[in-house]
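Report on one structure; see the data block that follows.
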Amino acid sequence: MSILRPGDEKFHYSDGSHKWIPPDPDYDQEVWDEQVRQHKDGHLRNEQPKVRIQRLV
C-alpha cells in the first residue's frame with residue numbers, strides 16, 4: 001500500500017490507479033509520462049513492507 005500525499009490527487013483516479021493520460025489535452029504526453037514515473041518512484045521509496053497474517057479458524 002502506498003501513501004498519498006497532498007498534491008498526489010492529480011496523478012490518481014478515485015480507485016487509486018495512476019493517470020497515464022494528462023488531464024489537459026494540450027499537455028505534452030512525454031512530460032506527463034515522466035512526471036507519473038517520478039511520482040510512482042516516490043511511492044516505492046516511501047513504501048514499507050507490510051506482512052499480513054491471516055488465521056484460518
Side-chain angles (χ1 to χ4, degrees):
M1 175 182 289
S2 55
I3 298 168
L4 292 178
R5 298 172 305 244
D8 284 354
E9 301 85 20
K10 71 179 184 177
F11 295 112
H12 292 268
Y13 291 108
S14 61
D15 68 355
S17 62
H18 287 93
K19 295 180 181 179
W20 287 99
I21 298 177
D24 179 359
D26 294 328
Y27 202 88
D28 186 317
Q29 181 69 50
E30 289 183 29
V31 171
W32 181 258
D33 288 346
E34 182 57 29
Q35 288 177 333
V36 174
R37 280 190 197 93
Q38 289 179 15
H39 168 77
K40 287 183 71 175
D41 286 345
H43 281 307
L44 295 174
R45 283 192 304 275
N46 292 324
E47 201 169 72
Q48 296 180 0
K50 298 192 186 272
V51 177
R52 292 186 182 186
I53 299 173
Q54 182 178 15
R55 290 185 181 181
L56 299 175
V57 179

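Values reported hereafter were calculated over all heavy atoms of this structure, with side chains retained and with hydrogens, waters and symmetry mates removed.
Residues I21 and Y27 do not share a hydrophobic cluster, clusters being chains of Ile/Leu/Val/Met/Phe/Trp/Tyr side chains in contact below 4.5 Å.
H12 has its side chain within reach of H18: a pair of non-hydrogen atoms, C-beta onward, lies under 4.5 Å apart.
In this structure, CG on D28 lies 9.5 Å from CD on Q35, to the nearest 0.5 angstrom.
Within the 3.5 Å criterion, the main-chain N or O of W32 finds no donor-acceptor partner in the side chain of W20.
Exactly one of K40, H39, R45 qualifies for a side chain to side chain donor-acceptor pair (under 3.5 Å) with H43. That residue is H39.
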